[in-house]
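Attaching a single structure in structure tokens format; questions to follow.
Since the model is a prediction, treat every value here as computed from it, not as a measurement. As the structure lists them, so they are numbered: ligands from 1, and atoms in each ligand from 1.
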Amino acid sequence: MNIQCKNRSVRHLRAGRFLITLLAVTLATACTPANHGQEPVHISGEAQGTYYSVIYYDSLQRNLQPQIDSLLDAFDQSASLWVDSSLLRRINAGETDTLDDILKFLLENSMRIMDYTDGAFDIRVGGLVQTWGFSFKERTEPDSATLAHLLCAAHGTLGNNNYHFYRENNDTELDFNAIAQGYASDLVANFLDGQDITSYLVDIGGEVVSRGVKSDGSPWRVGIERPSENRYSEPVVQTAIALQDQSVVTSGSYRKYYERDGVKYSHTIDPSTGRPVTHSLLSASVVESMGWLADAMATAYMVMGLEKGKAFIATHPNGPGTEAVYFIYDSCGTLKSYATPGFEKMIIKE
Ligand code: ADP
Ligand code: MG
């Protein structure tokens, strides 16, 4: 592997620089004398094969990068599928059944969302994701017997008993990639909370968690990317939203896919068929209280597609996942968006 992994990293880093630039411009205009001379601290680096950027106001102007780097590294050692000695890789391989706090959280909360989304979001897709070439293995076209075997493994019962993982089918492989960046952002946010920092913006690969307001009293401003023509296009901000004490996460089909006979196969797997999703929804962005939850719901909407996603929101008015924006090409190839009323209110009109 890792041509795929490297591409992912370079692309995200480019996207990251863009977002960082956008935020830097915003912050530069916000840092007026009204903020009592406080300058934001801005740190950035790489984690989970992508970029990260953290901006916070700290009267002590501490550089918390070493602690954040080691926190993100510990996260990768636990939940990353790209680190071949990670605890998750060892659990999938059957070498251990003992979970740590990170995997316990991810497992238990993922199981709640699997239930809530009627299986659209499903962490048991690990074997399928690998076979279709969206993980650490090269893509192989599964024949019907292989697909049936993988689907069977993806439908086996899971459980957790006092940090001991249980799976009915030993071939069931867990994949937390759909919530890993969102949850890692939450963990960085928790760390900053513990440092008595009350205003920050954490962004890991575009999965953003915010707290408080900027030093001029205005909310954080976050760009939502316009779905691009293809994976190589430079990111362009389609719309900006105001964020305060919330998270926003986007899942998309327009960068991670492969193309065959003119059809794009996205890295999102429909757990009911075991196949990559091919419908025309380009992206789903969700605003939620927590990064992991926004991340899980954004992936679920990418499985559901536009109409089912809209119907889901209508039938689950108390959430989670009620504030979202979807981007889609209509039958004439024109980019269209659909935003829920609450999401619409967050959009900054200039
Ligand atoms: P992105 O934000 O990069 O668009 P997502 O958050 O939607 O991505 O996560 C996609 C990843 O989640 C896939 O690469 C795969 O590892 C995993 N995945 C694919 N399909 C599903 C699914 N139906 N439920 C949960 N995880 C999935
Ligand atoms: Mg996701």
Side-chain angles (χ1 to χ4, degrees), residues 1 4-5 7-9 11-12 15 48-51 79-82 88 92 106-107 109-137 139 150-151 154-155 158 172-186 203-208 224-225 227-228 231 235 247-258 265-279 281-286 288 290-305 308-309 320-321 324 326-327:
M1 85 115 225
Q4 215 183 12
C5 187
N7 282 344
R8 184 170 180 256
S9 157
R11 171 175 42 75
H12 276 299
Q48 300 187 14
T50 182
Y51 75 93
S80 173
L81 287 173
W82 309 99
L88 180 59
N92 279 341
L106 290 172
L107 177 66
N109 287 287
S110 293
M111 287 173 70
R112 282 175 42 210
I113 302 301
M114 284 158 65
D115 200 33
Y116 177 65
T117 62
D118 283 333
F121 172 85
D122 196 327
I123 52 168
R124 298 172 297 180
V125 293
L128 289 158
V129 175
Q130 289 163 39
T131 299
W132 290 108
F134 297 113
S135 192
F136 54 90
K137 288 186 184 163
R139 176 161 61 88
L150 289 166
L151 261 176
H155 291 152
L158 302 179
T172 306
E173 293 201 34
L174 306 181
D175 183 325
F176 293 118
N177 283 344
I179 51 171
Q181 289 170 3
Y183 185 48
S185 301
D186 289 331
D203 173 1
I204 301 183
E207 326 298 43
V208 176
I224 307 281
E225 191 186 341
S228 56
R231 71 185 80 209
S247 307
V248 63
V249 170
T250 299
S251 284
S253 60
Y254 53 92
R255 288 200 185 274
K256 291 179 220 158
Y257 60 86
Y258 70 88
Y265 295 85
S266 130
H267 70 139
T268 309
I269 302 294
D270 181 341
S272 65
T273 63
R275 294 180 178 279
V277 160
T278 53
H279 57 62
L281 184 57
L282 296 165
S283 71
S285 303
V286 175
E288 253 305 334
M290 306 290 289
W292 73 266
L293 192 52
D295 211 351
M297 291 309 299
T299 300
Y301 291 141
M302 289 310 295
V303 174
M304 293 180 201
K308 281 193 189 158
Y326 303 102
F327 283 99

Any donor-acceptor N/O pair, H279 side chain to M302 backbone, under 3.5 Å
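Judged by distance alone, yes, a pair lies under 3.5 Å.
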W132 side chain to S266 backbone, donor-acceptor under 3.5 Å
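Such a contact is absent between W132 side chain and S266 backbone.
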Proximity to ligand 1 by part of A120, non-hydrogen separation under 4.0 Å
backbone
Distance check, rounded to the nearest 0.5 Å: N92 atom CG versus T172 atom OG1?
9.0 Å
Between H155 (side chain) and R124 (backbone), is there a donor-acceptor pair under 3.5 Å?
no
Should T268 be counted as touching ligand 1, given the test is an N or O pair under 3.5 Å?
no
Any sub-3.5 Å donor-acceptor pair from Y301's side-chain atoms to S285's backbone N or O?
no
What atoms of ligand 1 come within less than 4.0 Å of a heavy atom belonging to D295?
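Atoms satisfying the 4.0 Å criterion: 6 (O).
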Would you mind listing which atoms of ligand 1 come within a distance below 4.0 Å of any non-hydrogen atom of T299?
5 (P), 6 (O), 7 (O), 9 (O)
Counting N and O atoms only, with roles assigned by atom type, does the side chain of S247 sit under 3.5 Å from a partner on the main chain of G291, one being a donor and the other an acceptor?
yes
Under 4.0 Å from a heavy atom of D122: which atoms of ligand 1 are those, numbered in the order shown and with their elements?
22 (C), 24 (N), 25 (C), 26 (N)
Hey, which atoms in ligand 1 end up nearer than 4.0 Å to a heavy atom of E207?
2 (O)
Taking all non-hydrogen atoms of both residues into account, name the closest pair between L81 and S135 and its distance.
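Heavy atoms only, the tightest pair is CD1-OG, 4.1 Å.
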Any N/O/S atom, side chain or main chain, of Q181 closer to the Mg ion (ligand 2) than 2.8 Å?
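No.
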Give yes if a backbone or side-chain nitrogen or oxygen of V303 is under 3.5 Å from a nitrogen or oxygen of ligand 1, and no if not.
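Min N/O separation from ligand 1 is not below 3.5 Å for V303.
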Please give me the minimum heavy-atom distance between Y326 and A284, naming the atom from each residue.
CD2-CB, 3.9 Å
Taking it one step at a time, do Q181 and T50 satisfy side chain to side chain contact (heavy atoms under 4.5 Å, CB included)?
CA-CA 9 Å; Q181 289 170 3; T50 182; 3.6 Å; yes
Is there a heavy atom of H267 sitting under 4.0 angstrom from any atom of ligand 1?
yes
Is it the case that the side chain of D186 and the backbone of W292 share a donor-acceptor pair, with hydrogens and angles ignored and the cut-off at 3.5 Å?
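Between the backbone of W292 and the side chain of D186 there is a qualifying donor-acceptor contact (under 3.5 Å).
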Part of I269 within contact of ligand 1 (heavy atoms, under 4.0 Å)
both
Subset of ligand 1 atoms that lie under 4.0 Å from at least one heavy atom of P271:
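The list of qualifying atoms is 23 (N).
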D295 OD1 to A178 O via the Mg ion (ligand 2), rounded to 10°, gives 80°
Taking N or O atoms only and a 3.5 Å limit, does F121 qualify as a polar contact for ligand 1?
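Among all N and O atoms of F121, none is under 3.5 Å from an N or O of ligand 1.
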Show me which atoms of ligand 1 lie under 4.0 Å from any heavy atom of G252.
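So the atoms of ligand 1 that pass are 4 (O).
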Please classify the T250 to ligand 1 contact at 4.0 Å (heavy-atom distances, strictly less than): side chain, backbone, both or neither.
backbone
